[in-house]
Protein chains: 4
Amino acid sequence: MQMFVERWKAKCRIQNQLVRMLLCEFVATAFLIFVGLAVEVQAQFNSHPANSSSIGWGLALVFAVQMAFPLSGGHLNPAVSLSAWSFGNLPFAHFLLYSIAQTAGAFIGAALTYLIYFDKIAEFDGGARAVYGPKATAAVFATYPGPHLSLLGSIIDQTSCTAVLCFIIGIITDKHNRIPTVAQPVMMGMMLTVICMAFGMNAGNAMNPARDFGPRLFTLMAGYGWEVFSYNSYKWFWVPILCPLFGAIVGSWAYQLIISAQIGPTEEEEERSLSPDQSVTKS
Amino acid sequence: MQMFVERWKAKCRIQNQLVRMLLCEFVATAFLIFVGLAVEVQAQFNSHPANSSSIGWGLALVFAVQMAFPLSGGHLNPAVSLSAWSFGNLPFAHFLLYSIAQTAGAFIGAALTYLIYFDKIAEFDGGARAVYGPKATAAVFATYPGPHLSLLGSIIDQTSCTAVLCFIIGIITDKHNRIPTVAQPVMMGMMLTVICMAFGMNAGNAMNPARDFGPRLFTLMAGYGWEVFSYNSYKWFWVPILCPLFGAIVGSWAYQLIISAQIGPTEEEEERSLSPDQSVTKS
Amino acid sequence: MQMFVERWKAKCRIQNQLVRMLLCEFVATAFLIFVGLAVEVQAQFNSHPANSSSIGWGLALVFAVQMAFPLSGGHLNPAVSLSAWSFGNLPFAHFLLYSIAQTAGAFIGAALTYLIYFDKIAEFDGGARAVYGPKATAAVFATYPGPHLSLLGSIIDQTSCTAVLCFIIGIITDKHNRIPTVAQPVMMGMMLTVICMAFGMNAGNAMNPARDFGPRLFTLMAGYGWEVFSYNSYKWFWVPILCPLFGAIVGSWAYQLIISAQIGPTEEEEERSLSPDQSVTKS
Amino acid sequence: MQMFVERWKAKCRIQNQLVRMLLCEFVATAFLIFVGLAVEVQAQFNSHPANSSSIGWGLALVFAVQMAFPLSGGHLNPAVSLSAWSFGNLPFAHFLLYSIAQTAGAFIGAALTYLIYFDKIAEFDGGARAVYGPKATAAVFATYPGPHLSLLGSIIDQTSCTAVLCFIIGIITDKHNRIPTVAQPVMMGMMLTVICMAFGMNAGNAMNPARDFGPRLFTLMAGYGWEVFSYNSYKWFWVPILCPLFGAIVGSWAYQLIISAQIGPTEEEEERSLSPDQSVTKS
């Protein structure tokens, strides 16, 4: 009977490795956005006031990253994929395909949240599907800046948040830190939780073009109207698309050149680390 | 003296392995429901407003799973047992017996919560034991849908939640992910926390026929009246019994065929993994 | 220079092992109660409404247990020591000495919390030091039952909570579960958090004669008056002293006889586990 | 392409090890204060009421310590560096340089928080930048004691908090406890969370001269006026500078002499631990 599963798995296995990786990114991003936006719905309607949505997003990321880690690396974010390209770990064409898969995944994730909470949203807004006003629910799906935020402020915000994100990813994945592979997804979740707790107030820290554009496109198609793009006189929707790409490069290179370059082993240490006993005695 | 314990343990050891496993499922489910419902009581009476009931349920699951993991697998849920059957890991008769043990455990768990919080409930409702109205406490034990939820919405909700649950169980237990056995119960707890944070608002995410039916039966016997079943014109009580069974199959197979099939090792890799050094160098 | 520390450490090392162990229990219990009661002060004055006091107590226990784990076992609780005695792991005389050390530690811990928050308490009650009324602060130190709780209810509550506590300690420390020693203090903390989240509402889940009696004695000496003992017509103060002792025996033996006896290895398995390869392949 | 990164890293590598270490302390402290103060901003404006700022600070510390751990030890705090000097692990000149690097890092961290939340602060106070009154925001950056706190109380508070901090650092880093290096930053975060939950109410538990003085200096330069130093008739600003230095010595030596000296191995055990098999069988 166990063989029954294995036979079906063998049948469903995609031969092309790139397609397998894109599927992984697609499903994992859809999962992350489905669960994360559902957390946002509960926060918006305040159903369990003691639930921290920052912890909810963090835990959603743990499983999303774990799912895609072994095959595609678990980027789930075009900005992260771009920084992987800048390090030479991903061909540029793959970066483009990853971005499309991630954005499509985020679109589907938003649709799933919309489906599961359709009745709740309908009860709240009576079918209005508004971006502004007391019945607005669009901010559950895509991010919208607080009224206090200037355009310059929003550019600084999205660039800085994503730089911090990629700086911490650098810490977690740095080989010198010897963090076990199985612990890395959990630490990624802790990273997202603290970033949400620190930087969520300005503009919901999207830090991810796919996470923001995919659900925004979905809300357009779900009847929220063109305001999802024209919000703030067109001075917002492109910010969480472009700034994270720039911030990711800044943050990940900053980690490599400022910290990793310093903690890296000297040549002498490197030679010693080639001896097999080393890893046994140190771990 | 230590031998004194060991002698008693030897005496209490049940010879039949199936009975041992059923006892484990029974006790672990009773533990989970006892602690989880007590968390619900505190949330309902808001005694510590900063306590997240999602985290409480998650932590209760950690120990419930850990308890039953080594012997019976720690299903604690007929839906999970059904998916284990569908993979060929559990005979159908065992699935039925597991379900009975789990439901009986959930019944006893609810009784224990009722016992320990009897004075509190009595103070609040003056002995009314109501399903509806300002003195209602039935929702502490079994789940009841929010007033916004349509029948179709509740079916989608219970199916989807349980599918997500079993999808994540797939991630955690997938051998390719090499998550250590001792870490798996903790990750199961993190899973339940995030699911509660994301999907608790519609209908309390039962996702478990035993967790819902056992306590519902208990409330019937504890004087809450037939309304515990007739609630919403009989358009609810069977939803968290049937839909999770279906959702579990969908979610666990989806993980196997969409993700696990892709990340699984190629034949080439499998051969290499037979060499004993592999596991040493990778871990 | 490092030798300078080592020389002082050597001088401060107590020769008698029992005295060393008692010192450890004393200091670790004082630490737990100092930090835990400070968490209670913040909860009472609601200074950071989002802080869960259940998580605060749990984290305090992590470090208290870790501190005393290697030498004295980290009981920090006469009820836990009693169950260790009942298993033959602690002579009865040691149980008595442990209990005294733990109670003295809890007394000192309460004094330290009083010292650090003296100004805050003075500002709040103007020096009244009351057990009852709007200016009462005694419940920060020792536990007092909610007004809903009957005497029978409080006996059931304290016995059940402590039984659950010792049941979970059984799970965490059971050798069959192979939880690494370094992870056990963290799991103890998770245990206390979930118990506080589930069972704190009735009477503050003392579950520990030292944790309750030590601070109660301190409040008597700090000017709270004899009411700290006469509260509720003398129908409370002895409940969290006696019931935890009984509950601990029930819970820890229940785990051994119901669960551990079943998951324990068969003789056949035991023989196999003697082979050194076993541990390597399983871990 | 990967070589492209490595070449740049080699170019950026600083030859002088002390400078490398100071850079690490500088960047890690700036990171900690940037993220931690951003958490404070969110707490002040209560944007996500369920977010515990104690958990936010703890998670920020996890990554700050992890970043600097392998090279400079991750002190991030002159008080911690002083206690390292007192143990003979750091030359006095290095302690002074570390302190300057940490204070400069905290200054830059405060500036980054100010930059990213400039629009929010401006909206709230209309440019007033006040230390007192309903539009005060200075307490987001440096700590200010509660109105209940006397001078003696504030000295006791800052000394005790830092003593607890360094006592727990002793527990976490004690070799006898065998806590794996990769787990130590996470436990440091848990430590900071519980200390914030227990001791934050009196005066915001700075426990760190750099964390308090650096941001205080920044607020002076950012237009908050001399009141940041003259607050409370000059009876505060030096308390979180001097008392933590004293408290750190007390706490770290107390751990070594009271606990570590007792749990340390006897000479006999030490000899046995020289055998290589030991570590394998115990871990």
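Since the model is a prediction, treat every value here as computed from it, not as a measurement. Throughout, a chain's letter reflects where its sequence line sits, starting with A, and its residues are numbered from 1.
- Here the shortest heavy-atom pairing between F141(D) and L37(D) reads O-CD2, 3.5 Å.
- When each of A43(C), P185(C), C12(C) is scored by its heavy-atom pairs under 4.5 Å with chain D, the top score falls to C12(C).
- Proximity of a side-chain donor or acceptor of W85(D) to a complementary backbone N or O of H94(D) within less than 3.5 Å is not detected.
- Annotation: maximal heavy-atom pairing with chain C below 4.5 Å, among G200(D), A254(D), A50(D), occurs at G200(D).
- Listed options F31(C), F124(C), F34(C) were ranked by heavy-atom pairs under 4.5 angstrom with chain D; first place goes to F34(C).
- For chain D, the nearby part of V27(C) is the side chain; its heavy atoms alone come within less than 4.5 Å.
- Comparing L71(C), N51(C), V182(C) by heavy-atom pairs within less than 4.5 Å of chain D, the highest count is held by N51(C).
- Looking at S72(C), there are no atoms closer than 4.5 Å to chain D (heavy atoms on both sides), in backbone or side chain.
- In this structure, chain C has heavy atoms under 4.5 Å from both the backbone and the side chain of I179(D).
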What do the steps show when you test F95(D) against Y98(D) for ring pair (Phe, Tyr, Trp, His ring centres under 6.0 Å), and what is the final call? CA-CA 5 Å; F95(D) 154 65; Y98(D) 264 49; 8.8 Å; no

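- Results of the side-chain contact (heavy atoms from CB on, under 4.5 Å) test with T137(D) over K120(D), Q44(D), E40(D) single out Q44(D) as the only residue that passes.
- No other option in F45(C), W57(C), Y117(C), F118(C) has as many heavy-atom pairs under 4.5 Å with chain D as Y117(C).
- Atoms CG and CG, from L18(C) and L23(C) in turn, are 11.0 Å apart once rounded to the nearest 0.5 Å.
- None of W238(D), F237(D), Y144(D) except one satisfies the ring pair (Phe, Tyr, Trp, His ring centres under 6.0 Å) rule with Y231(D); the exception is Y144(D).
- Proximity to chain D (any heavy atom under 4.5 Å) is shown, for V19(C), by neither the backbone nor the side chain.
- Heavy atoms closer than 4.5 Å to chain C are found in the side chain of I172(D), but not in its backbone.
- R216(C) places no side-chain N or O within 3.5 Å of a backbone atom of A138(C) that could act as its donor or acceptor partner.
- The contact between I168(D) and chain C is made entirely by side chain atoms (from C-beta outward), counting heavy-atom distances below 4.5 Å.
- Annotation: maximal heavy-atom pairing with chain C below 4.5 Å, among S160(D), S260(D), S53(D), occurs at S260(D).
- Proximity of L82(D) to I249(D): side-chain heavy atoms (C-beta onward) are separated by under 4.5 Å at one or more points.
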